[in-house]
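This report concerns only the one structure given below.
Just so we're on the same page: letters track the sequence lines, and every chain starts at 1.
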Amino acid sequence: MNLFADFENRIKNTLETIDIIKEKRGEVDFGRLTVEPPRDASHGDVATNAAMVLAKPLGTNPRALADIIAEALKADADVSEVSVAGPGFINIRLSTAYWQRLLSTVIAEGVNYGKSAIGGGRKANVEYVSANPTGPMHVGHCRGAVVGDALANLMQFAGYDVTKEYYINDAGGQIEVLARSVFLRYREALGEDIGDIPAGLYPGDYLVPVGKALADEYGPRLHTMPDEEWLPIVKDKAVDAMMVMIREDLEALNVHHDVFFSERTLHANGAQRIRQAINDLTFKGHVYKGTLPPPKGQLPEDWEDREQTLFRSTEVGDDIDRPLIKSDGSYTYFAADVAYFKDKFDRGYDEMIYVLGADHGGYVKRLDAVARAVSDGKAKLTVLLCQLVKLFRDGEPVKMSKRSGDFVTLREVVDEVGRDSVRFMMLYRKSSEPLDFDFAKVTEQSKDNPVFYVQYAHARCMSVFRQARDAFPDMDVDSLDLKGSVGDITDPNELQLIAKLAEYPRLVEAAAQAQEPHRVAFYLYDLASSFHAHWNKGKESPDLRFVNDKNRQLSVARLGLVHAVASVLKSGLAITGTAAPDEMR
RNA sequence: GGUCCCAUAGCUCAGUAGGAUAGAGCGCAGGAUUCCUAAUCCUGAGGCCGUUGGUUCGAAUCCAACUGGGAUCACCA
């Protein structure tokens with residue numbers, strides 16, 4: 001149940017009954033009409049701009065029209081008060097009975113409250129993380145992982161049929177580098193002194209056990225083979241080992257994918273699927289052989305004019321045509337991406353979302369061009385760029401050098417500050433904004449991390465139920481008819497809390513449509529804040545406390561309110577992928 | 001140079017598909033626990049929403065230009 005959708009219908013129905021609107025019904029449309037919570041709660045519960053939007057086409061002034069509409073709205077039994085304010089806003093105050101019914105609905109719907117059907121069951125593919133399988137995940141992968149995961153959760157909740165996907169870049173030069181790095185560790189495991197790791201290979205210690213495993217399995221045999229023979233073996237083993245590590249890292253962050261898609265499968269059987277994808281594009285007239293103009297700006301020293309097979313992406317919105325086949329006949333990374341996109345499209349997704357880091361900004365137009373060409377404009381592709389995360393410790397930037405292997409891993413961050421803290425911090429910012437992440441702030445003072453604030457609110461809710469069990473030992477607190485007991489909720493502070501709960505379904509829809517999971521995090525903070533404030537009112541006014549051992553009926557009604565708050569907090573926390581604890585320790 | 005992201009309180013950021021007197025946290029000043037966890041709450045000070053134009057009943061929000069900051073530019077992956 002969505003209060004604002006409900007009243008949008010009621011208001012439109014009311015408008016249809018007004019004479020001057022009926023007369024010119026063909027000339028006015030209700031498209032720009034909004035029904036939303038007023039910015040300032042003191043104005044009312046629901047506000048509409050109807051009069052301001054409709055005044056002009058009707059040839060009247062907004063205030064006068066607002067008065068007419070306001071009068072008509074008073075006929076609704078759930079409307080307790082209507083006022084006209086400012087340039088022509090119509091503010092509606094709802095009856096206590098309406099709020100009570102709404103609370104009853106929240107309790108009845110439970111975990112389903114806030115679910116939406118705007119997704120219409122459309123198939124959506126959210127691809128995120130997709131870190132190269134050449135080492136453990138580092139902290140830079142963190143944000144995309146969390147944002148992608150939360151977005152997928154959110155869209156699922158909003159009625160999409162969501163697949164969480166990971167693209168394994170396991171085909172390309174970096175995998176050969178990985179294999180050679182592992183081979184070195186293999187020789188080391190056999191007792192050879194390998195000295196310093198040569199430049200260009202991965203120096204990280206995490207490859208030591210992989211080399212050891214190879215030595216255990218093959219003994220010295222690999223060493224006697226030519227490169228062409230041992231390379232494929234070591235590549236396979238190395239990638240598998242890296243993916244095991246990466247999955248563990250993701251698990252530590254509570255991130256789970258449904259599909260791990262291997263780039264290598266596109267290259268298999270003589271790159272059959274890449275060839276098919278390029279043939280498909282060629283058939284549609286998007287491919288030609290030619291040369292590219294030299295890069296603008298600084299010219300690379302080794303730049304040469306060479307003929308390649310190109311994708312005419314400029315015709316579908318890109319700045320420059322893109323190479324599919326290199327001059328030596330091999331396929332570019334981009335060619336595999338075309339095949340990968342085609343695969344997704346053929347799997348029947350209506351919406352494809354790529355969550356990428358800001359360093360991939362230059363890739364967006366290219367992907368968009370692929371989507372248009374491959375799907376003839378039918379696929380809806382969105383690229384969500386997450387800006388960079390800067391790490392700080394006590395206000396000092398944390399230096400990282402990937403080359404020396406001296407980088408902060410995702411695991412280190414999660415182990416130090418905790419999964420929930422990391423996740424919530426990553427979501428407590430619009431993803432298009434850069435983010436500063438300070439270890440000290442997140443761990444030392446818990447109040448600097450909003451996740452504790454929200455979780456604390458949930459724990460307090462649970463605490464109320466523990467109190468109730470103590471106060472009414474004879475009552476079976478867990479099987480009360482909470483939704484049927486809402487009639488005693490009448491205090492304005494309590495009704496305000498219900499109003500906050502009423503915003504949830506609308507928020508879920510807006511956040512899902514805008515693909516902005518951070519809005520859920522901010523809403524949770526807001527709801528927690530309302531709850532904490534109400535809690536403290538009980539300190540000053542004992543008659544507002546949730547549990548009152550002298551008034552059993554009222555206590556049960558209020559347990560219903562607390563239950564509803566807890567339920568929405570839990571629902572939102574689940575979208576962000578963080579826990580809703582029963583108590584804080 | 002091209003493209004993309006950004007500019008809101010001293011600091012870090014929200015601002016709900018253009019709405020009313022622009023909000024929160026931190027920090028600062030003051031206050032609240034005989035009582036459900038003070039990991040909480042309340043009050044106050046603090047603003048030319050980067051600049052200039054445009055669009056309209058109405059702009060922090062949309063458009064253009066400019067200024068300033070960040071990312072990126074490849075036959076890499």
Side-chain angles (χ1 to χ4, degrees), chain A residues 32 34 36-40 43 47 49 52-53 55-56 61-62 85-89 91 132 134 169 171-175 177 263 292 295-298 300 302-304 306 308-309 319-320 322-328 330-334 336-337 357-365 383 385-388 428-436 438 441 445-450 452-453 455-457 459-460 463-468 470-471 503 506-507 510-511 513-514 516 518-519 522-523 525-526 528-529 531-540 542 545-548 562 583-584:
Chain A
R32 291 177 57 211
T34 61
E36 53 192 9
R39 201 159 259 188
D40 187 339
H43 291 141
N49 64 355
M52 291 182 289
V53 174
K56 204 174 181 186
N61 80 73
F89 282 101
N91 292 319
N132 282 350
T134 55
N169 293 137
Q174 86 282 8
I175 298 302
V177 173
E263 183 187 357
L292 286 172
K296 296 197 177 83
Q298 214 173 6
D302 57 346
W303 188 83
E304 270 181 67
R306 275 177 285 211
Q308 304 150 45
T309 299
D319 302 319
I320 190 167
R322 304 293 175 177
L324 292 166
I325 302 177
K326 303 180 201 170
S327 52
D328 69 0
S330 62
Y331 294 102
T332 61
Y333 174 82
F334 178 65
D337 241 14
D359 52 342
H360 286 73
Y363 212 68
V364 176
K365 285 194 175 181
V383 178
L385 283 184
C386 294
Q387 291 299 313
L388 303 181
Y428 205 59
R429 185 118 327 164
K430 206 165 35 179
S431 56
S432 55
E433 290 270 355
L435 187 150
D436 292 346
D438 195 315
K441 273 193 175 175
Q445 293 171 306
S446 51
K447 64 181 164 185
D448 274 336
N449 192 325
F452 293 110
Y453 185 85
Q455 291 180 326
Y456 183 36
R460 273 187 156 172
S463 158
V464 172
F465 276 84
R466 287 192 290 271
Q467 291 295 330
D470 288 348
E503 290 175 19
R506 183 174 181 272
L507 172 109
Q513 274 177 320
E516 293 185 339
H518 76 275
R519 291 195 199 181
F522 279 94
Y523 170 78
Y525 188 89
D526 210 30
S529 179
F531 182 72
H532 285 310
H534 186 59
W535 174 290
N536 272 72
K537 287 216 172 72
K539 288 179 187 290
E540 292 150 27
R545 289 180 199 168
F546 298 115
V547 178
N548 180 343
V562 172
E583 53 187 344
M584 304 294 278

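- As rounded to the nearest Å, rC57(B) and rG18(B) have C1' atoms that lie 12 Å from one another.
- Both G173(A) and R32(A) lie close to RNA chain B; mapped to their nearest nucleotides by heavy-atom distance, the more 5′-ward contact belongs to R32(A).
- Looking at residues two or more places apart in sequence or on another chain, you find a side chain to side chain contact (heavy atoms under 4.5 Å, CB included) between A468(A) and V477(A), V547(A), L559(A).
- Residue contacts shown for A358(A) are limited to sugar-phosphate atoms, with no base heavy atom under 4.0 Å away.
- Taking the six-membered ring where the residue is Trp, F522(A) and Y428(A) present parallel rings, their angle staying beneath 30° rather than reaching 60°.
- Between K539(A) and rA38(B) there is a side-chain N or O to OP1 or OP2 distance below 4.0 Å.
- Contact annotation: K56(A) reaches the phosphate of rC57(B) (side-chain N/O to OP1 or OP2, under 4.0 Å).
- To the nearest angstrom, C1' of rU72(B) lies 8 Å from CG of D359(A).
- Distance check on atom P: rA22(B) versus rG47(B) gives 12 Å, rounded to whole Å.
- Across all strands shown, rA17(B) has no partner, as no Watson-Crick or G-U wobble contact with both distances under 3.5 Å is found.
- In the set rU16(B), rC36(B), rA77(B), the nucleotide with an atom closest to the side chain of S463(A) is rC36(B).
- Using a 4.0 Å cut-off, some side-chain N or O of R322(A) falls inside it from OP1 or OP2 of rA74(B).
- Regarding F546(A), its CZ atom lies at a distance of 13 Å from the P atom of rC36(B), rounded to whole Å.
- Applying the 3.5 Å distance criterion, the base of rA20(B) shares a donor-acceptor pair with the side chain of N91(A).
- When the side-chain nitrogen and oxygen atoms of R39(A) are compared with OP1 and OP2 of rA60(B), none of them lie within a distance under 4.0 Å.
- Once rounded to the nearest 0.5 Å, the distance linking CD of E36(A) with CD of E503(A) reads 11.0 Å.
- R519(A) and A511(A) get closest at one heavy-atom pair: CB-CB, 4.0 Å.
- Both distances falling under 3.5 Å, in either a Watson-Crick or a G-U wobble arrangement, place rC62(B) opposite rG54(B).
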Would you list the protein and nucleotides 41-43 of chain B atom pairs, both N or O, that sit under 3.5 Å from each other?
from: rC41(B); atom 1: OP1; to: Y453(A); atom 2: OH; distance (Å): 2.2
from: rC41(B); atom 1: O4'; to: N536(A); atom 2: OD1; distance (Å): 3.3
from: rC41(B); atom 1: O4'; to: N536(A); atom 2: ND2; distance (Å): 3.4

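- Spacing between rC73(B) and rC66(B) at atom C1', rounded to whole Å, works out to 24 Å.
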Show, in sequence, the C-alpha distance, side-chain angles and deciding distance for Q308(A) and I325(A), and conclude whether the side-chain contact (heavy atoms from CB on, under 4.5 Å) test is met. CA-CA 6 Å; Q308(A) 304 150 45; I325(A) 302 177; over 6 Å; no
How far apart are the C-alpha atoms of L324(A) and F334(A), what are their side-chain angles, what is the distance that settles it, and do they pass the side-chain contact (heavy atoms from CB on, under 4.5 Å) test? CA-CA 6 Å; L324(A) 292 166; F334(A) 178 65; 3.8 Å; yes
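- The partner of rU72(B) is rG2(B), by the rule that a Watson-Crick or G-U pair needs both atom distances under 3.5 Å.
- Between Q174(A) and P87(A), the residue anchored closer to the 5' end of RNA chain B is P87(A), taking for each the nucleotide with the nearest heavy atom.
- Atom CD of Q387(A) and atom CZ of R429(A) lie 12.5 Å apart (nearest 0.5 Å).
- Residues Y333(A) and N169(A) bring a donor and an acceptor atom of their side chains to less than 3.5 Å of each other.
- Closest of all the heavy-atom pairs between E263(A) and A336(A) is OE2-CB, 3.7 Å.
- Atoms CZ (F452(A)) and P (rG25(B)) sit 19 Å apart, rounded to a whole Å.
- A distance of about 16 Å separates the P atoms of rC63(B) and rU56(B), rounded to the whole Å.
- On the C1' atoms, rA9(B) is 6 Å away from rG46(B), given to the nearest whole Å.
- Comparing the P positions of rU21(B) and rU40(B) gives an interatomic distance of 33 Å, to the nearest angstrom.
- Figure legend. rA39(B) is base-paired to no nucleotide; pairs are counted as Watson-Crick or G-U wobble with both atom distances under 3.5 Å.
- For Y333(A), counting side-chain heavy atoms from C-beta on, the closest listed nucleotide (rU16(B), rC76(B), rA77(B)) is rA77(B).
- Among the atoms of the strands shown, base atoms are found under 4.0 Å from some heavy atom of R506(A).
- Base pairing annotation: rC26(B) forms a Watson-Crick or G-U wobble pair with rG10(B), both donor-acceptor distances under 3.5 Å.
- Atom CD1 in I325(A) sits about 13 Å away from atom P in rC76(B), given to the nearest Å.
- Atom CZ of R460(A) and atom C1' of rA39(B) are 8 Å apart (whole Å).
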Output one letter per nucleotide in nucleotides 4-14 of chain B: B when a protein non-hydrogen atom lies under 4.0 Å from the base, S when only the sugar-phosphate is that close, - when neither is. SSSS----SSS
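- To the nearest 0.5 Å, atom CZ of residue R322(A) and atom NZ of residue K365(A) are 9.5 Å apart.
- Rounded to whole Å, atom C1' of rA17(B) lies 14 Å from atom CG of L507(A).
- Within 4.0 Å (heavy atoms only), A336(A) reaches no atom of the nucleic acid at all.
- Between rG27(B) and rU12(B), the distance separating the two P atoms is 15 Å to the nearest Å.
- One can place CH2 of W535(A) at 12 Å from C1' of rA39(B), the figure rounded to the nearest angstrom.
- When all heavy atoms of A528(A) and A457(A) are compared, the pair lying nearest together is CB-CB, 3.7 Å.
- Nucleotide rA77(B) holds its P atom 10 Å from the CG atom of N169(A), rounded to whole Å.
- One P atom belongs to rG23(B), the other to rG70(B), and the distance between them is 32 Å to the nearest Å.
- The ring of F546(A) has its center closer than 6.0 angstrom to the ring center of F531(A).
- P323(A) comes within 4.0 angstrom of sugar-phosphate atoms only, judged by non-hydrogen atoms across all strands, and of no base.
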